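What follows is a short report on a single structure.
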Amino acid sequence: MNSVHKFISITKDLASYINKLLDRGESKNMKMIREDTEAFEHGEMQAPISQLRVIVSIMQMIGARRILEVGTFRGMTAARLAQAFPADIIGAKVVTIERDIRFVEELKKRWADLGVMEKIDLRSGQAADILDRLADEISLEGYFDLAFIDADKEQYKNYTEKVLQLIRPGGVILVDNTLWRGEVAGTDTQSNLTKYVQDFNEWVFEKFGENASIIPAWDGMTIIVKE
């Protein structure tokens, strides 16, 4: 059987079914903040609950204690990851980078309400510059175990190369939106963003080979395991 036929389309009804199952394990406060985020302008940019749960599962499987996020948006992913740290682990941290400083105070209040503020280190500014500064700190603070990149697509390769230097061997880099609404399958696209993602995908699998894969769900999420 052709492996393409093994995929199913995620209809609204099926997505709703999945979300109802996952809702059972979500705290009331987290659910309220997630729904508020989804209702916000460009709320579709927020990773859905099913994707968040997969990211948390990967975090738990590799025992991640230091996590790097490039692209904070409304702080939902950082909060969920910070919540998932084992209670008895001291010093666990999510370092998250966001260039839009308009929501800094709101983000901090949201994280404080969830009781995770002390586990999140928000860095405001251009991601490339902050990643370079983190590289200078790494000898003091140790390597990151897991990174999640969800920011400007034209910088994906640049970000991934910089993040690669910050991740420990055996660590994982996750990159969101790598199927880009399905448009990456087109051969005559006129969209620069689609071309950026196509080029990034080609680069990833040329460079990392079998250490890279794509989850064909949501808007696509690439997984890179550092050797």
Side-chain angles (χ1 to χ4, degrees), residues 30 33-34 37-38 40 42-85 89 91-104 106-108 110-112 114 116-135 137-138 141-153 155-168 171-178 200 215 218-226:
M30 183 64 77
I33 290 175
R34 176 173 57 81
T37 300
E38 291 170 352
F40 181 75
H42 303 304
E44 74 280 356
M45 292 169 57
Q46 171 59 51
I49 183 174
S50 54
Q51 185 178 5
L52 285 176
R53 193 67 63 86
V54 169
I55 295 171
V56 168
S57 295
I58 293 170
M59 164 195 172
Q60 293 169 332
M61 284 188 284
I62 67 171
R65 299 294 180 263
R66 288 189 56 80
I67 298 173
L68 176 61
E69 180 185 38
V70 182
T72 312
F73 188 45
R74 302 289 285 174
M76 186 69 211
T77 303
R80 187 65 190 84
L81 291 167
Q83 265 195 344
F85 286 130
I89 297 297
K93 188 76 69 174
V94 177
V95 176
T96 183
I97 301 170
E98 177 55 52
R99 68 182 178 186
D100 192 337
I101 63 173
R102 292 177 298 167
F103 306 114
V104 168
E106 182 181 341
L107 286 170
K108 290 180 177 179
R110 174 172 292 182
W111 293 331
L114 288 168
V116 296
M117 185 63 233
E118 74 283 358
K119 297 179 182 178
I120 300 176
D121 178 2
L122 174 63
R123 307 286 182 103
S124 299
Q126 295 298 320
D129 295 337
I130 293 172
L131 290 171
D132 287 339
R133 289 199 292 273
L134 282 170
E137 298 175 18
I138 211 69
E141 298 187 7
Y143 293 109
F144 289 98
D145 305 297
L146 175 69
F148 179 54
I149 302 174
D150 184 8
D152 37 331
K153 313 311 172 195
Q155 291 292 323
Y156 264 11
K157 180 181 176 181
N158 185 32
Y159 291 159
T160 301
E161 288 180 320
K162 290 178 181 294
V163 167
L164 191 65
Q165 304 307 310
L166 303 172
I167 293 288
R168 65 166 172 82
V172 174
I173 301 173
L174 305 175
V175 187
D176 201 15
N177 305 116
T178 49
F200 173 75
I215 298 179
W218 317 297
D219 196 28
M221 185 169 72
T222 292
I223 302 175
I224 300 168
V225 180
K226 181 176 178 178

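These numbers come from a predicted model, not from an experiment. Heavy atoms only: backbone and side chains are in, while hydrogens, waters and symmetry mates are out.
Partner Thr72 forms a side chain to side chain contact (heavy atoms under 4.5 Å, CB included) with one of Leu107, Val104, Ile120 and no other, that one being Leu107.
Looking at residues two or more places apart in sequence or on another chain, you find a salt bridge (charged side-chain N to carboxylate O under 4.0 Å, His left out) between Lys153 and Asp150. Not counting sequence neighbours, the partners of Ser50 by the side chain to side chain donor-acceptor pair (under 3.5 Å) test are Trp218. The salt bridge (charged side-chain N to carboxylate O under 4.0 Å, His left out) search around Lys119 returns none, not counting sequence neighbours. Judged as a side chain to side chain donor-acceptor pair (under 3.5 Å), and not counting sequence neighbours, Lys93 has no contacts. Applying the side chain to side chain donor-acceptor pair (under 3.5 Å) test to Glu98 and every residue at least two apart in sequence or in another chain returns nothing. The side chain to side chain donor-acceptor pair (under 3.5 Å) check on Asp129 picks up nothing, with sequence neighbours excluded.
One distance of note links CD1 of Ile149 with CG of Asn177; it measures 11.5 Å at 0.5 Å rounding. Between the OG1 atom in Thr222 and the CG atom in Asp176 there is a gap of 9.0 Å [rounded to 0.5 Å]. Between Gln60 atom CD and Ile58 atom CD1 the span is 10.5 Å, to the nearest 0.5 Å. Remark: Glu137 CD to Ile130 CD1 distance equals 10.0 Å, nearest 0.5 Å. To the nearest 0.5 Å, atoms CG (Asn158) and CG (Asp152) are separated by 9.5 Å. Rounding to the nearest 0.5 Å gives a distance of 8.5 Å between CD1 of Ile97 and OH of Tyr159.
No side-chain heavy atom of Phe144 sits less than 4.5 Å from a side-chain heavy atom of Val163. Between Lys226 and Ile173 there is no side-chain heavy-atom pair separated by less than 4.5 Å. Contact check for Met221 versus Val54: side-chain heavy atoms found under the 4.5 Å cut-off. Residues Met59 and Leu174 are not in side-chain contact: their nearest non-hydrogen atoms beyond the backbone lie 4.5 Å or more apart. Counting heavy atoms from C-beta outward, Phe148 and Ile67 have side chains that stay 4.5 Å or more apart. Using a 4.5 Å heavy-atom cutoff, the side chains of Leu81 and Glu69 are not in contact. Two residues are said to be in side-chain contact when any heavy atoms from C-beta on lie closer than 4.5 Å; Val116 and Val94 fail this criterion.
Residues Ala78 and Trp111 come closest through the heavy atom pair CB-CZ2, 4.1 Å.
Put simply, the side chain of Arg110 gets close to the backbone of Arg74: a donor and an acceptor are under 3.5 Å apart. Between the side chain of Asp145 and the backbone N or O of Arg66, at least one donor-acceptor pair lies under 3.5 Å. Side-chain N or O atoms of Arg123 include none that pairs as donor or acceptor with a backbone N or O of Asp121 at under 3.5 Å.
Environment of CZ in Arg99: sparse, with no more than 12 heavy atoms of neighbouring residues, nucleotides or ligands closer than 6.0 Å.
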**Report entry** Verdict with reasoning, Ile224 to Ile167, per side-chain contact (heavy atoms from CB on, under 4.5 Å)
**Finding:** CA-CA 11 Å; Ile224 300 168; Ile167 293 288; over 6 Å; no
